[in-house]
Amino acid sequence: MGGSARNPGVLEGDDAPGQRLSQRMLDITGDRGVLKDVIREGTGDLVTPDASVLVKYSGYLEHMDKPFDSNCFRKTPRLMKLGEDITLWGMELGLLSMRRGELARFLFKPTYAYGTLGCPPLIPPNTTVLFEIELLDFLDSAESDKFCALSAEQQDQFPLQKVLKVATTEREFGNYLFRQNRFYDAKVRYKRALLLLHRRLAPPEEQHLVEAAKLLVLLNLSFAYLKLDRPAMALRYGEQALIIDQKNAKALFRCGQACLLLTEYQQARDFLVRAQKEQPFNHDINNELKKLASYYRDYTDREKEMCHRMFAPCADGAPVGEN
């Protein structure tokens with residue numbers, strides 16, 4: 001998970017566990033129950049209450065070389081909601097002090113960790129634990145869920161920036177689900193975002209902001225439907241994206257992929273050639289054109305074989321199908 005060169009599991013100090021380490025750490029609870037040492041600064045806003053967080057973490061006991069708890073072995077960490085999936089009070093408080101990209105080391109006193117009983121057999125009673133936490137990202141799902149539950153009339157009372165923020169959150173949730181190969185759930189989130197943007201009437205000077213947000217959602221919807229093996233819907237949303245930006249290489253590429261799956265070879269070629277014109281050195285586009293050429297050759301070979309069989313001479317010398 002990164003971190004400093006020192007063994008994070010060694011809580012320095014002679015008189016008490018972590019004493020020397022704790023002296024230079026920030027007290028974020030006011031009672032020195034949760035202490036923090038920033039290893040790498042983050043950027044942007046602090047984590048909001050009720051957010052869903054994407055984190056890597058490792059927990060250590062004093063003088064341990066290996067963590068007693070870690071999710072760093074996962075290729076993609078699970079999205080966890082504060083107040084539900086985070087069980088350590090200290091970790092939740094620590095996360096609320098963090099920004100995206102931040103890597104920090106925390107000391108949790110027993111009250112903020114495993115209490116007077118500990119967690120046998122791994123955690124002894126009254127144990128101070130050290131955690132290294134990296135905040136990869138967070139999404140403010142509570143704000144989005146509350147806003148989406150409002151009526152259209154109530155939503156219209158909020159400024160455009162609020163709608164754009166909620167739509168962005170829905171799209172980012174969809175992106176996370178997409179990366180987890182949960183394409184149907186991702187599609188649902190993308191559609192929620194698109195509905196918000198479709199319903200909002202923006203003044204002319206701000207309409208470009210809505211269109212830019214729509215474009216991103218439409219591209220993602222097209223991709224999600226390709227993954228769901230529904231090329232007709234993928235083509236539909238790809239073409240909607242092209243209404244906003246007729247030269248968008250991703251939209252042209254998605255439409256080309258969809259047409260190829262639909263065996264609309266000429267239409268697929270038209271889309272892919274236009275995409276290639278926008279991005280001549282894009283490997284995905286060029287490879288898709290090669291795939292199209294291969295599929296089309298197989299298609300024409302089958303057509304020729306079918307025609308040959310239809311009009312080949314029969315045993316009596318008359319062509320097949322002749323009366």
Going by heavy atoms in the side chains, are [X] and [Y] under 4.5 Å from each other?
| X | Y | value |
| --- | --- | --- |
| L164 | Q161 | yes |
| D137 | Y176 | no |
| I133 | F106 | yes |
| R274 | C255 | no |
| F271 | L260 | no |
| L177 | Y190 | no |
| P77 | V55 | no |
| F158 | V166 | no |

Does [X] reach the main-chain N or O of [Y] with its side chain, forming a donor-acceptor pair under 3.5 Å?
| X | Y | value |
| --- | --- | --- |
| S52 | L79 | no |
| N282 | Q276 | no |
| T169 | K165 | yes |

Working to the nearest 0.5 angstrom, can you tell me the gap between [X] [atom1] and [Y] [atom2]?
| X | Y | atom1 | atom2 | value |
| --- | --- | --- | --- | --- |
| L289 | D284 | CG | CG | 11.5 Å |
| L292 | N287 | CG | CG | 12.5 Å |
| K250 | L218 | NZ | CG | 13.5 Å |
| E41 | E102 | CD | CD | 6.5 Å |
| L54 | E134 | CG | CD | 9.5 Å |
| Q257 | I285 | CD | CD1 | 9.5 Å |

Please name the pair of heavy atoms, one in [X] and one in [Y], separated by the smallest distance, quoted to 0.1 Å.
| X | Y | value |
| --- | --- | --- |
| E278 | A249 | CB-CB, 4.1 Å |
| N71 | Y57 | OD1-N, 2.8 Å |
| S97 | L46 | O-CD2, 3.5 Å |
| E92 | G83 | OE1-N, 3.2 Å |
| I28 | G94 | CD1-CA, 3.8 Å |
| L219 | A241 | CD2-CB, 4.1 Å |

Distance flag, aromatic centroids of Y295 and Y265, threshold under 6.0 Å: no
Which residues share a side chain to side chain donor-acceptor pair (under 3.5 Å) with K247, sequence neighbours left out: none
Listed partners of D50 passing side chain to side chain donor-acceptor pair (under 3.5 Å), at least two apart: none
Partner of F178 by ring-ring contact (aromatic ring centres under 6.0 Å, His included), out of F183, Y184, Y225: F183
A quick test of your reading: do over 12 heavy atoms of other residues, nucleotides or ligands sit less than 6.0 Å from [atom1] of [X]?
| X | atom1 | answer |
| --- | --- | --- |
| R100 | CZ | yes |
| E205 | CD | yes |
| K81 | NZ | yes |

When hydrophobic residues are tied together by side-chain contacts of less than 4.5 Å, even through go-betweens, does [X] share a cluster with [Y]?
| X | Y | answer |
| --- | --- | --- |
| L221 | L195 | no |
| V34 | V47 | yes |
| L26 | W89 | yes |
| I86 | I123 | yes |
| Y237 | V210 | yes |

Worked check of side-chain contact (heavy atoms from CB on, under 4.5 Å) between T111 and D31: CA-CA 11 Å; T111 304; D31 61 358; over 6 Å; no
Residue of the set M25, R24, R105 for which side chain to side chain contact (heavy atoms under 4.5 Å, CB included) holds with L35: M25
CA sep, side-chain torsions, deciding dist, call: D85, R78, side-chain contact (heavy atoms from CB on, under 4.5 Å): CA-CA 10 Å; D85 302 313; R78 182 172 63 91; 3.9 Å; yes
Between Y60 and D65: side-chain donor-acceptor atoms closer than 3.5 Å: no
Full working for side-chain contact (heavy atoms from CB on, under 4.5 Å) between D27 and K36: CA-CA 7 Å; D27 179 7; K36 177 181 180 181; over 6 Å; no
Charged N-O contact under 4.0 Å between D145 and R192: yes
Verdict with reasoning, L135 to R99, per side-chain contact (heavy atoms from CB on, under 4.5 Å): CA-CA 7 Å; L135 179 63; R99 305 176 193 274; 5.5 Å; no
